[in-house]
Amino acid sequence: MPEEVLARYQAGPKTGVFTDGSCEGNPGPGGWGVVWVEDDRVIAEQHGRDSATTNNRMELRALITAFQLLPADAELPVYSDSELCVKTLNEWAAGWEKRGWRRKSGPIANLELVQELWALKNAHPGVRVQWIRAHDGSRWNEYADALANSYLR
């Protein structure tokens, strides 16, 4: 399936790490996918599955894997089509950490994954986490989506 994506899509950034998570039902079986590309060439890719999960957990797992792939001195964007995950890292997590990992309005969902991801982001100061629109024809975002959904086959 990812090879078909390469032939079908051309648009979008050509360098970065692209992540996606997917779930059939929510909760239900799910998968995640990560592809690291530089100048339109695949450097690394990984994907995995969970038999009972949620979409948000798979999105977080994909981002965790993206950071684990990268050296600490990496300077490139990591893309996610999950606004929730991007806002978690770029806007909310610092405040939650200062308040002892609490939100004003209640508990933080998937706290153990959020904390793991936050630590990885802080260990990679040159990596920017950016939102990318889902299913807009961006080649590598579609590729990450295909990896995330490969658990269906």
Side-chain angles (χ1 to χ4, degrees), residues 1-24 26 29-94 96-97 101 108-153:
M1 176 67 151
E3 295 78 25
E4 295 170 19
V5 171
L6 294 178
R8 195 173 333 145
Y9 299 104
Q10 301 296 321
K14 299 185 182 322
T15 295
V17 182
F18 298 80
T19 69
D20 202 9
S22 180
C23 199
E24 186 81 13
N26 203 17
W32 55 267
V34 177
V35 60
W36 173 6
V37 297
E38 292 187 12
D39 297 322
D40 253 354
R41 290 181 308 113
V42 174
I43 304 300
E45 67 179 62
Q46 289 189 18
H47 59 95
R49 62 185 306 271
D50 190 322
S51 60
T53 191
T54 65
N55 188 67
N56 286 339
R57 289 187 70 80
M58 293 294 90
E59 295 281 1
L60 290 164
R61 178 59 55 206
L63 282 162
I64 288 167
T65 302
F67 278 98
Q68 290 171 336
L69 282 173
L70 295 172
D73 63 350
E75 293 189 8
L76 72 162
V78 170
Y79 295 99
S80 171
D81 61 16
S82 168
E83 280 190 274
L84 177 68
C85 288
V86 172
K87 286 182 178 182
T88 293
L89 287 173
N90 292 339
E91 299 176 27
W92 304 326
W96 294 342
E97 182 180 43
W101 291 103
I108 299 165
N110 304 306
L111 179 59
E112 76 286 359
L113 294 176
V114 170
Q115 288 174 320
E116 182 179 359
L117 180 55
W118 181 242
L120 286 164
K121 181 182 184 295
N122 288 329
H124 293 81
V127 174
R128 309 174 308 281
V129 178
Q130 295 180 234
W131 180 75
I132 190 168
R133 184 174 304 281
H135 308 296
D136 72 344
S138 172
R139 169 185 259 186
W140 298 110
N141 187 56
E142 298 289 351
Y143 191 96
D145 178 74
L147 290 172
N149 283 293
S150 66
Y151 73 92
L152 295 172
R153 290 188 255 141

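Remember, it's a predicted structure, so these values are computed and weren't measured experimentally.
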Where is the tightest heavy-atom contact between [X] and [Y], given as atom of each residue plus distance?
X	Y	answer
A62	V34	O-CG2, 3.2 Å
F18	A144	O-CB, 3.7 Å
V42	E45	CG1-OE1, 3.9 Å
Q130	P77	OE1-CB, 3.2 Å
A74	L70	CB-CB, 4.1 Å
L147	G33	CB-CA, 3.8 Å

*Testing C23, S22, S80 for side-chain contact (heavy atoms from CB on, under 4.5 Å) with E59, which one passes?*
S80
Give a yes or no on whether the backbone of [Y] and the side-chain of [X] come within a donor-acceptor separation of less than 3.5 Å.
X	Y	result
T15	D39	yes
N26	N55	yes
H124	F67	yes
D145	N141	no

Is any side-chain heavy atom of [X] closer than 4.5 Å to a side-chain heavy atom of [Y]?
X	Y	value
D50	R57	no
D40	R139	yes
D20	W140	no
V37	Y143	no
I64	W32	no
T88	L117	no
D81	S138	no

Return the [atom1] to [atom2] distance between [X] and [Y], rounded to the nearest 0.5 Å.
X	Y	atom1	atom2	result
E142	N149	CD	CG	10.5 Å
Y79	R128	OH	CZ	6.5 Å
W92	I108	CH2	CD1	11.0 Å
R49	M58	CZ	CE	10.0 Å
C85	L60	SG	CG	4.0 Å
Q68	E116	CD	CD	6.0 Å

*Apply the test side-chain contact (heavy atoms from CB on, under 4.5 Å) to residues T19 and T65: give CA-CA distance (whole Å), side-chain angles for both, the deciding distance (0.1 Å), then the verdict.*
CA-CA 9 Å; T19 69; T65 302; over 6 Å; no
*So W118 and W101, would you call those rings parallel, tilted or perpendicular, with 30° and 60° as cut-offs?*
perpendicular
*Run the numbers on R61 and L113 for side-chain contact (heavy atoms from CB on, under 4.5 Å), then give the verdict.*
CA-CA 7 Å; R61 178 59 55 206; L113 294 176; 3.1 Å; yes
*Given N90 and W131, is the side-chain contact (heavy atoms from CB on, under 4.5 Å) satisfied, shown in steps?*
CA-CA 10 Å; N90 292 339; W131 180 75; over 6 Å; no
